[in-house]
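The chains referred to below are lettered A, B, ... by the order of the sequence lines, with proteins before strands, and numbering in each begins at 1. Note that the coordinates shown come from a computational prediction; the quantities given were computed from them, not determined experimentally. All values below were derived from every heavy atom in this structure, side-chain atoms included, with hydrogens, water molecules and symmetry-related copies excluded.
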Amino acid sequence: MSVRVRMAPSPTGYLHVGTGRAALYNWLYARHTGGTFIVRIDDTDLERSTKEFEDEILASFRWLGLDWDEGVEVGGPHGTYRQSDRIDYYASIAHRLVDEGHAYFDNRPTEELEELRRKAQKEGKHPGHYIRRPSTEASEGVIRLSVPQDGPVEFSDVVRGDMSFAAADVDDFIILRSNGTPTYHLASTVDDIDYEITHVARGEDLLPSTPKHIVLTKALGAEEPTYAHLPLLFGTDGKKLSKRHGATAVTDFREAGYLPDAMFNYLANLGWSLDSETTIFTRDKAVAAFDLTDVSKNPAAFDVAKLDWMNGEYVRAMDPERFADLVRPQVESSLGRALTRGEFDTFSAIAPLVQERTRLLPEAGDQVVFLFEEFEAYDDTSWNKVMTKDGVAETLAAANEALGDLGDWDIPAIESALRALPELLGIGAGKAFQPIRIAVTGSSVSPPLFESIAALGRERTLQRLERATNQLA
RNA sequence: GGUCCCGUCGUCCAGAGGCCUAGGACGCCGGCCUUUCAAGCCGGAAACGCCGGUUCGAAUCCGGUCGGGACUGCCA
């Protein structure tokens with residue numbers, strides 16, 4: 001039987017990186033086995049689900065490079081892939097289960113159920129021991145599944161191994177709400193049957209719900225899928241990854257300038273590894289090697305520092321033209337205007353040097369704006385640290401002179417002119433070049449000096465040297 | 001409280017009884033290179049939670065213990 005896996009996000013928020021990783025593993029497994037990856041939309045919570053979030057989530061999947069073979073927006077042989085389209089259908093199934101004796105109506109007030117829960121807790125028992133079929137039958141209210149009391153509910157989890165839950169600890173859970181909409185348990189289980197899902201790979205938070213799904217599946221006369229419960233993601237402080245840790249939505253990372261390939265690689269490596277040595281790997285390599293069996297059991301901490309490093313690796317490995325194209329909007333947004341054709345050429349020429357120094361795309365823009373924009377007076381700490389030293393004015397004047405006389409304005413000419421300076425002035429290279437760097441680029445941190453000067457052009461370079469000299473006087 | 005899950009460097013991953021004086025990666029520290037910052041190169045500190053047991057031999061198996069986590073909703 002060919003593998004069919006699915007991801008069923010709820011469009012009640014942006015795609016959380018944890019959900020993204022679960023999707024990633026499903027996708028990897030489908031691609032590895034030549035199976036089918038399906039994306040459904042789990043929008044039974046009509047109140048909180050929105051089309052905007054749905055679009056966002058699907059865009060995030062696509063950004064990560066997770067394409068799906070069946071499901072929302074692409075269709076497939078199994079009808080709709082949006083649960084809100086099948087509300088009545090789920091309801092009819094719930095009623096059928098009542099007719100067959102597998103489920104029952106319950107209109108007990110919440111206080112009464114609360115009382116049962118308290119009683120269970122007091123006796124150190126699971127609420128399942130008391131949340132059971134009431135003595136008097138109703139014909140309205142919610143519909144609960146009647147969970148058989150006898151024996152254990154057992155299954156073999158691909159990542160956890162053999163699991164066993166006492167049936168007595170599984171309460172008669174609600175499958176249909178009093179407003180006629182299905183709960184997650186019903187909709188999800190029914191869909192997994194209808195869409196012939198073979199492997200359910202999902203977050204470990206659903207492990208305790210799995211016995212419910214198995215009992216329901218059996219009541220529906222179907223065979224349960226293979227389950228694989230994936231470890232959860234945490235922040236580096238060991239707490240569940242949440243807004244407190246900063247970015248948690250895939251979109252956040254996309255906007256912060258992370259590359260999808262890096263994100264994919266990082267997420268894939270969080271709970272799984274290609275082998276014992278390799279950290280950086282392509283999608284194809286991951287697809288070739290991936291198996292759910294190899295997924296780690298331990299929860300993983302999401303470490304942004306490592307992601308940043310990895311992103312830098314991908315940035316450096318990028319095609320230089322592609323890099324220039326990607327950074328262009330960043331430069332333009334910090335300039336507040338579009339680059340001219342000539343400016344873009346200038347930028348492209350120096351871009352490879354910037355590329356080496358970039359981890360996140362927005363950093364790249366900051367490194368080159370000096371080429372296109374005048375900067376204000378020098379009065380920051382790096383200026384004070386370097387420029388207030390003795391002899392700086394002479395150094396700048398000498399540089400001005402050496403460059404002013406230059407015939408060809410190219411890197412070799414600039415380099416040989418400036419290289420002569422330290423000896424001429426009787427100072428070290430660093431001492432000579434740092435003031436020039438600040439005068440010309442406005443910062444003590446910049447791309448390599450000669451290349452920067454070449455890109456800046458004769459006129460602006462000389463202007464800036466003069467301006468700095470005057471300011472020192 | 002109850003049910004269940006997890007426990008190897010700060011972090012991610014490798015390790016499925018001897019190949020482990022525990023390996024790779026990020027981060028950290030030191031050095032080299034160097035006009036800055038990066039990158040690169042070299043080196044370093046850093047872990048099998050604890051206690052028992054099984055075994056000739058345990059990070060690997062078993063038990064207990066401690067610690068962390070999830071679930072316990074007409075949310076998913």
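- One interatomic measurement links the two molecules: CG of A:D308 to C1' of B:A25, which rounds to 15 Å at whole-angstrom precision.
- To the nearest angstrom, P of B:C74 lies 14 Å from CD of A:E112.
- Nucleotides B:U36 and B:C19, compared at atom C1', are 48 Å apart to the nearest Å.
- With P as the reference atom, B:G15 and B:U60 are 15 Å apart, rounded to whole Å.
- With a cut-off of 3.5 Å on both pairing distances, the Watson-Crick or G-U wobble partner of B:G1 is B:U72.
- Spacing of P atoms, B:G64 relative to B:C12, comes out at 27 Å, to the nearest Å.
- Taking atom C1' in both B:C51 and B:C9, the straight-line distance is 23 Å, to the nearest Å.
- Note on A:H185: a base of the nucleic acid sits closer than 4.0 angstrom, heavy atoms only.
- Residue contacts for A:P448: at a heavy-atom cut-off of 4.0 Å it reaches a base atom on one of the strands shown.
- Within the nucleic acid shown, A:L418 has no heavy atom closer than 4.0 Å to any nucleic acid atom.
- Nucleotides B:A76 and B:C13, compared at atom C1', are 30 Å apart to the nearest Å.
- For A:H102, there are no ring pair (Phe, Tyr, Trp, His ring centres under 6.0 Å) partners two or more places apart in sequence or in a different chain.
- Rounded to a whole angstrom, the distance from the P atom of B:G44 to that of B:G23 is 11 Å.
- Applying the ring-ring contact (aromatic ring centres under 6.0 Å, His included) test between A:F281 and each of A:Y314, A:F290, A:F264, A:W272 identifies A:W272 as the sole match.
- Remark: the separation of the C1' atoms in B:G10 and B:G27 is 8 Å, to the nearest Å.
- When Watson-Crick and G-U wobble pairs are counted only if both distances are under 3.5 Å, B:G27 pairs with no nucleotide at all.
- The partner of B:A14, taking Watson-Crick or G-U wobble pairs whose two distances both stay under 3.5 Å, does not exist in any strand shown.
- Under the salt bridge (charged side-chain N to carboxylate O under 4.0 Å, His left out) criterion, A:E204 pairs with A:R160, sequence neighbours left out.
- For A:L232 and B:G7, the CG to C1' distance is 15 Å, given to the nearest whole Å.
- Taking a 4.0 Å limit (strictly below) on heavy-atom distances, residues 353-367 of chain A reaches RNA chain B at A:E356, A:R357, A:R359.
- For the 3.5 Å distance criterion, the side chains of A:R202 and A:S209 fail to qualify, holding no donor opposite an acceptor.
- Look at the P atom in both B:G18 and B:C62: the space between them is 16 Å, to the nearest Å.
- Taking A:H16 as the reference, A:T19, A:L241, A:T248 meet the side-chain contact (heavy atoms from CB on, under 4.5 Å) condition, with sequence neighbours excluded.
- Summarising the geometry, the separation between CG on A:L230 and C1' on B:G69 is reported as 16 Å, rounded to the nearest angstrom.
- The side chain of A:F433 lies closest to B:U35, out of B:A70, B:C37, B:U35.
- For A:H199 (side chain) and A:V5 (main-chain N/O), no donor-acceptor pair under 3.5 Å exists by modelled atom type.
- Residue contacts for A:S10: at a heavy-atom cut-off of 4.0 Å it reaches the sugar-phosphate backbone alone, with no base atom in range.
- Partners of A:F302 by ring pair (Phe, Tyr, Trp, His ring centres under 6.0 Å), not counting sequence neighbours, listed by chain and number: A:F253, A:Y266.
- Salt-bridge formation is not detected for the pair A:R419/A:E423: no Lys NZ or Arg NE/NH1/NH2 atom is positioned less than 4.0 Å from an Asp or Glu carboxylate oxygen.
- Judged as a side chain to side chain donor-acceptor pair (under 3.5 Å), the pairs with a partner in residues 445-457 of chain A (not counting sequence neighbours) are, in order, A:R437-A:S446.
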- 5' to 3', nucleotides 12-19 of chain B under a 4.0 Å protein heavy-atom cut-off (B base, S sugar-phosphate only, - none) gives BSS-----
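- Side-chain atoms of A:S209 stay outside donor-acceptor range of the base of B:C71, with no qualifying N/O pair under 3.5 Å.
- To the nearest angstrom, P of B:C37 lies 12 Å from CD1 of A:I438.
- Within the shown strands, nothing qualifies as a pairing partner of B:C33 under the Watson-Crick or G-U definition with both distances less than 3.5 Å.
- Of all nucleotides present, none satisfies the Watson-Crick or G-U wobble test against B:U54 with each distance under 3.5 Å.
- Pairing partner, B:C20: none, since no Watson-Crick or wobble contact has both distances short of 3.5 Å.
- Residues satisfying the ring pair (Phe, Tyr, Trp, His ring centres under 6.0 Å) test with A:F53, not counting sequence neighbours, are A:Y14.
- A 3.5 Å limit on both hydrogen-bonding distances identifies B:C66 as the Watson-Crick or G-U partner of B:G7.
- Considering only the side chain of A:W309, B:A25 comes nearest among B:A70, B:U35, B:A25.
- Taken residue by residue, residues 155-175 of chain A places heavy atoms nearer than 4.0 Å to RNA chain B at A:R160, A:M163, A:F165, A:D169, A:I174.
- One atom, CD of A:Q121, and another, C1' of B:U3, lie 12 Å apart when rounded to the nearest Å.
- Ring geometry for A:F433 versus A:F450: interplanar angle over 60°, hence perpendicular rather than tilted (30 to 60°).
- Here A:T279 does not reach the OP1 or OP2 of B:C26: none of its side-chain N or O atoms lies under 4.0 Å away.
- Note on residues 123-132 of chain A: pairs passing salt bridge (Lys or Arg N to Asp or Glu O under 4.0 Å), not counting sequence neighbours, are A:E123-A:K125, A:R132-A:D172.
- Rounded to an integer number of Å, the gap from A:N311 CG to B:A25 C1' is 16 Å.
- Across all strands shown, A:L207 has heavy atoms under 4.0 Å from sugar-phosphate atoms exclusively, and none from any base.
- Both A:K297 and A:E123 lie close to RNA chain B; mapped to their nearest nucleotides by heavy-atom distance, the more 5′-ward contact belongs to A:E123.
- Applying the salt bridge (Lys or Arg N to Asp or Glu O under 4.0 Å) test to pairs two or more places apart or on separate chains, those with a residue in residues 140-156 of chain A are A:D106-A:R144.
- Between the CE atom of A:M310 and the P atom of B:U11 there is a distance of 18 Å, given to the nearest Å.
- Between A:P127 and A:R437, the residue anchored nearer the 5' end of RNA chain B, judged by the nucleotide with its closest heavy atom, is A:R437.
- At the heavy-atom level, A:T44 lies under 4.0 Å from the strands shown only through sugar-phosphate atoms.
- Residue pairs meeting the ring pair (Phe, Tyr, Trp, His ring centres under 6.0 Å) criterion with at least one partner in residues 103-131 of chain A, sequence neighbours excluded, are A:H95-A:F105.
- A salt bridge is absent between A:E363 and A:R357; no separation between the charged side-chain nitrogens and carboxylate oxygens falls under 4.0 Å.
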